[in-house]
Structures are given as structure tokens and as C-alpha cells.
Protein chains: 2
Amino acid sequence: MDTTGEVGSFFKSAFSVDNVIFGFDGGDLKVLLIQRGQAPFKDKWALPGDLVYPNEDLDTAAERVLEQLTGLRGVYLEQVKTFGAVNRHPLGRVITVAYISLIKISNYTVTAASFAQSAQWHTIDKVGDLAFDHNEILESCLRRLKRKVRTAPIGFELLPPKFTLTELQQLYDSVLQLPKRLDKRNFRKKILSMNLLVECPEMQEGVAHRPAKLYKFDREKYLQLMNEGFVFDI
Amino acid sequence: MDTTGEVGSFFKSAFSVDNVIFGFDGGDLKVLLIQRGQAPFKDKWALPGDLVYPNEDLDTAAERVLEQLTGLRGVYLEQVKTFGAVNRHPLGRVITVAYISLIKISNYTVTAASFAQSAQWHTIDKVGDLAFDHNEILESCLRRLKRKVRTAPIGFELLPPKFTLTELQQLYDSVLQLPKRLDKRNFRKKILSMNLLVECPEMQEGVAHRPAKLYKFDREKYLQLMNEGFVFDI
DNA sequence: GAACTTATTGTTATTTTCACACCAATTACC
DNA sequence: GGTAATTGGTGTGAAAATAACAATAAGTTC
């Protein structure tokens with residue numbers, strides 16, 4: 001959220017959106033943060049966000065924030081929770097609607113946005129003190145992600161279109177952070193038995209060991225199964 | 001939501017809370033609606049709600065709306081989703097934060113609030129056309145309730161402190177509205193095996209058939225089990 | 001070709017889920 | 001006071017899902 005100046009002088013009350021943008025680099029779950037250039041909380045890391053324009057829907061505002069920062073459109077976006085403590089913003093009454101977005105980290109390039117030079121991926125469990133109530137917002141969104149990734153096929157949003165089963169499992173392991181990692185054989189059996197993955201003809205390349213099969217997520221198939229009452233569950 | 005007059009004259013943008021108050025009368029899941037006295041949507045049924053005061057937290061506003069209407073305090077309240085379509089309110093830009101509350105219907109008395117004479121319980125699947133986007137809000141909250149009632153022990157909030165297993169099952173049946181009712185024997189086995197219910201010494205009274213045992217929900221026990229990693233699931 | 005690294009695959013025991021029917025206790029009515 | 005009516009309460013077996021577990025295969029590097 002970056003509301004310096006406007007708040008207090010223009011709105012009696014205002015609403016903003018804040019965007020928890022998740023990415024996965026093959027090892028860790030990451031969140032995209034920006035470093036604030038002005039007071040309040042100058043130099044602190046914060047969630048990207050903005051005031052909602054007078055003629056803008058909430059979802060549209062969240063899409064805009066995401067696109068301005070990453071250049072990406074049409075990505076997964078989900079409203080999570082609204083934060084409205086009276087004093088959460090030092091310059092006035094601003095309630096903020098928190099969104100999760102899930103992007104393929106390789107699609108993101110630092111050069112996409114005007115303020116992108118101050119944006120940076122942070123490993124999820126190494127995020128320090130954030131501006132405003134953004135630590136609380138991040139917590140909420142992470143909890144939501146942990147639940148949702150098990151009950152809807154949204155993990156694929158964080159992976160490239162073609163991925164190996166090991167990559168998929170690593171994704172689940174780093175999102176869920178369970179005391180024990182998932183069992184490799186059981187995980188493969190379960191995910192393949194859903195018939196939501198299609199095998200690609202080509203194989204993984206550029207690795208110094210046996211290359212793995214590549215798979216794609218079959219969204220058509222998922223929608224079809226949904227209609228028949230299928231419930232995704234890992 | 002009842003914002004006539006203030007909107008447009010006072011706020012450039014405003015936020016409100018709307019409260020989906022659920023109750024259960026032994027047969028059907030119900031929602032408490034009020035009939036609007038003024039334009040817009042005069043005479044239409046609507047969710048109870050109000051603008052959030054400048055120095056009021058969102059949760060506090062939801063509690064206030066609930067208390068003004070029902071006289072009840074300290075009941076279950078959960079934020080669900082925020083609705084912010086540009087034209088959702090005909091008199092100005094108002095985004096609204098939707099809450100669920102669960103109350104014991106027998107605790108509610110029509111006389112509790114000033115505008116209570118226009119409030120009435122409606123069976124959930126006989127709710128007609130509501131004011132604003134309140135049908136959409138109700139849908140969202142009902143979906144949330146259906147999910148949450150299976151994964152957290154919140155069903156008890158809708159029942160009197162002492163209840164029979166049949167009453168509990170009827171509650172689940174009417175909330176979930178599954179194609180088939182739950183199996184009596186399996187339901188009882190499952191709920192009792194959680195060890196969250198304690199048997200009361202007295203029995204059901206005033207029924208023209210074999211009286212059932214009464215049970216209470218043991219909240220202490222639940223919190224203790226939670227800490228040990230127990231997950232409520234029906 | 002030997003060492004190294006990751007990919008791939010199946011079995012068994014345990015637990016959970018699901019389907020299913022009869023006797024018990026009380027009231028209402030004759 | 002007996003009989004009908006109503007709901008309360010209980011157990012078992014089959015099927016499915018879960019969980020625990022290790023050896024071989026296919027590449028790369030040196």
C-alpha cells in the first residue's frame with residue numbers, strides 16, 4: 001500500500017487493496033515485496049498495494065496493482081480478508097482488502113514496472129518486520145494458501161506449464177511445511193490417480209542425472225470432473 | 001445495510017458491514033432479515049447492516065449491528081468476504097464487509113431492538129429477492145458456512161446448550177443439504193468418537209416418544225485437543 | 001566403467017468409510 | 001391395560017483410502 005499524501009487530505013475514509021504475490025523457485029515459497037520510498041514506514045518492506053479508484057471494482061484494483069508491478073495479467077487472484085483496525089494506517093482511516101496472487105516466478109521480470117527496482121522476492125520464512133499490519137496480512141494469506149492448495153488445483157499456478165512430479169511435490173512440501181515431507185510414492189500415486197495430469201512427449205533437459213517425465217495440468221479435464229462432483233484433495 | 005441519507009452527502013466513499021445471521025429451529029436453517037423502511041429498496045428484505053463508524057473496527061461494527069438487532073453479545077462472528085462492485089449501492093460508493101453470525105434461535109426475541117418489528121426469520125431456501133447485492137452476499141456466506149461447519153465445531157453455536165444427537169444431526173442435514181441425509185449410526189459413531197460431547201444426567205422431556213439423552217459440547221476439551229493437533233472433521 | 005544423482009515403481013498392514021436393520025423406551029389412544 | 005405409533009439407540013462386514021516402506025533404472029560426471 002502506498003498512499004502517502006492522499007490520505008487525510010482527500011478522503012475521510014479510503015479503501016485499498018494489498019496483494020500477497022506468491023512465487024515458487026523450485027526450492028522455496030517466496031513473496032514479492034516492495035521497499036517503501038516514502039513515509040510512513042519509509043525504507044520498510046511492504047506488500048504491494050494501492051488505494052482503490054472511485055470507479056474501480058475491488059478485483060480490478062487488485063489486478064491493476066499486480067499488473068503495474070509485474071506486467072502480468074490474467075493470473076490467479078483470490079480475495080482473502082479485509083483489515084480495518086481503526087489505527088492500522090497512521091495517516092487516516094484506511095481499510096484494506098487483502099488478495100493472494102499466484103504467479104509463475106519465471107514470468108516475472110524486474111523491469112516490468114516503474115517501481116519494480118525496489119521490488120524483491122523474499123523467502124516466506126525469512127520475511128522480517130513489514131510496514132503497517134502487513135505481517136498480519138501475510139500470515140492470513142499464507143494460512144489461506146496452505147488450506148486452499150490442498151483443496152483446489154491452484155499449485156499449478158506457481159509452476160511452469162510443464163513440470164516434473166518432483167517439482168510438484170517440492171512445491172507442496174514448501175507451501176505446507178509439514179513436520180514430515182510428503183511420501184514420494186504415495187504422492188505420485190495420489191496425484192496421478194486424479195487423472196488431471198497429462199504426460200508430455202518430451203523429457204526434462206539440462207540436469208546432471210536421469211531426466212524426469214514432464215507433465216501438464218489439464219484444466220479442461222478438471223472442469224469436466226468438477227461438474228461430475230469430483231473434489232480435488234491432497 | 002441502512003445508509004439512506006448519509007451516503008453522498010457525507011462520505012466520498014464509505015464502508016459498511018452486513019451480517020448474515022443464521023439460526024436453526026430444529027427443522028430448517030434460517031436467516032434473519034429486515035424489511036427496509038426507506039428507499040432505496042424500500043419494503044425489500046435485506047441483510048441487517050450499517051455503516052462503520054469512523055472510530056470503529058470492522059469486527060466491532062459487526063458486533064454492534066448484531067447486538068442492536070438481537071440484543072445478543074459474545075456470539076460467533078466471522079468475517080467472510082468484502083463486496084465492492086462500483087454500482088452495488090445506488091447512492092454512492094459503499095463497499096461492504098460481510099459477516100456470518102451464528103445464534104441460538106431461542107435466545108432471539110423480536111422485542112430486543114428498536115427496528116426489530118421489521119425483522120423476521122426466513123427459511124434459507126425460501127429467501128426471495130433481496131435489496132442491493134444481498135442475495136450474492138448470502139450465497140457466499142452460506143457456502144462458507146457449509147464448508148466451515150464440517151471443519152470446525154461451530155454447529156453447536158446454533159443449538160441450545162443441551163441437545164440430542166438427533167438434533168445435532170438434523171442441524172448438519174439442513175446446513176449441508178446433501179443429496180442423501182447423513183447415516184444415523186455412522187454420524188453418531190463419528191461425533192462421539194471425537195470425545196467432544198459430554199452426556200448430561202437428565203433426559204429430553206416433553207416428547208411423545210422415547211426420550212433421548214442430552215449432550216453438551218465440551219469447549220475446554222476441544223481447545224485442549226486442538227493443541228495436540230486434533231482437527232475437527234465431519 | 002565406476003561413482004553419483006535423481007526417477008520410477010508395488011506391496012502390505014492399518015485405518016477410515018460406507019451400507020445396512022432390528023430391538024428399546026416412551027406416549028397416545030382405544 | 002393393552003396396542004399402535006413414534007423416535008432412540010446400537011454393531012458388523014465389505015470396500016476404499018491411507019500410510020509405511022526400499023530396490024532398480026536412467027541418466028551425468030569424472
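Quick caveat: nothing in here was measured; it's all calculated off a predicted structure.
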If you look at every strand shown and take non-hydrogen atoms under 4.0 Å, does [X] touch a base, only sugar-phosphate, or nothing?
| X | result |
| --- | --- |
| A/Thr166 | sugar-phosphate |
| A/Lys189 | base |
| B/Lys184 | base |

Please state how far atom [atom1] in [X] lies from atom [atom2] in [N], giving the value in whole angstrom units.
| X | N | atom1 | atom2 | answer |
| --- | --- | --- | --- | --- |
| B/Gln204 | D/dT6 | CD | P | 16 Å |
| B/Met203 | C/dA25 | CE | P | 10 Å |
| A/Arg181 | C/dT6 | CZ | P | 11 Å |
| A/Leu168 | C/dA7 | CG | P | 13 Å |
| B/Leu165 | D/dT7 | CG | P | 16 Å |
| A/Met194 | D/dA17 | CE | C1' | 12 Å |
| A/Asn186 | C/dA13 | CG | C1' | 13 Å |
| B/Phe187 | D/dT10 | CZ | C1' | 16 Å |

Of the nucleotides [options], which has the atom closest to the [X] side chain?
| X | options | answer |
| --- | --- | --- |
| B/His209 | C/dG10, D/dG8, C/dA7 | D/dG8 |
| A/Arg188 | C/dT9, D/dG9, C/dG10 | C/dT9 |
| B/Pro211 | C/dA25, D/dG11, C/dG10 | C/dA25 |

Quiz item: For B/Asp183 and A/Ala208, take the nucleotide of DNA chain D holding the closest heavy atom to each; which residue's nucleotide lies nearer the 5' end?
Solution: B/Asp183

Quick one: does [X]'s side chain get under 4.5 Å of [Y]'s, heavy atoms only?
| X | Y | answer |
| --- | --- | --- |
| A/Leu145 | A/Leu29 | yes |
| B/Leu168 | B/Phe156 | yes |
| A/Leu165 | A/Leu197 | yes |

Quiz prompt | Neighbour count above 12 (heavy atom, 6.0 Å) for B/Lys216 NZ | solution = no

Quiz item: Any side-chain N or O of B/Arg185 less than 4.0 Å from the OP1 or OP2 oxygen of C/dA19?
Solution: no

Practice problem: Give a yes/no answer on whether the side chain of A/Lys190 brings an N or O atom under 4.0 Å of OP1 or OP2 in D/dA17. | Solution: no

Is any NZ, NE, NH1 or NH2 atom of the basic residue among [X] and [Y] found under 4.0 Å from an Asp or Glu carboxylate oxygen of the other?
| X | Y | value |
| --- | --- | --- |
| A/Lys148 | A/Glu78 | yes |
| A/Glu157 | A/Arg219 | yes |
| B/Glu202 | B/Lys162 | yes |

Quiz item: Could one point to a donor on the side chain of A/Arg210 or the base of C/dA7 with an acceptor on the other under 3.5 Å away?
Solution: yes

Quiz item: Do the side chain of A/Lys213 and the base of C/dT6 come within less than 3.5 angstrom through a donor-acceptor pair of N or O atoms?
Solution: no

Self-check item: For DNA chain D, the residues among residues 224-234 of chain B that have a non-hydrogen atom under 4.0 Å from it
Solution: none

Quiz prompt | Side chains of A/Thr166 and A/Arg188, donor plus acceptor under 3.5 Å | solution = yes

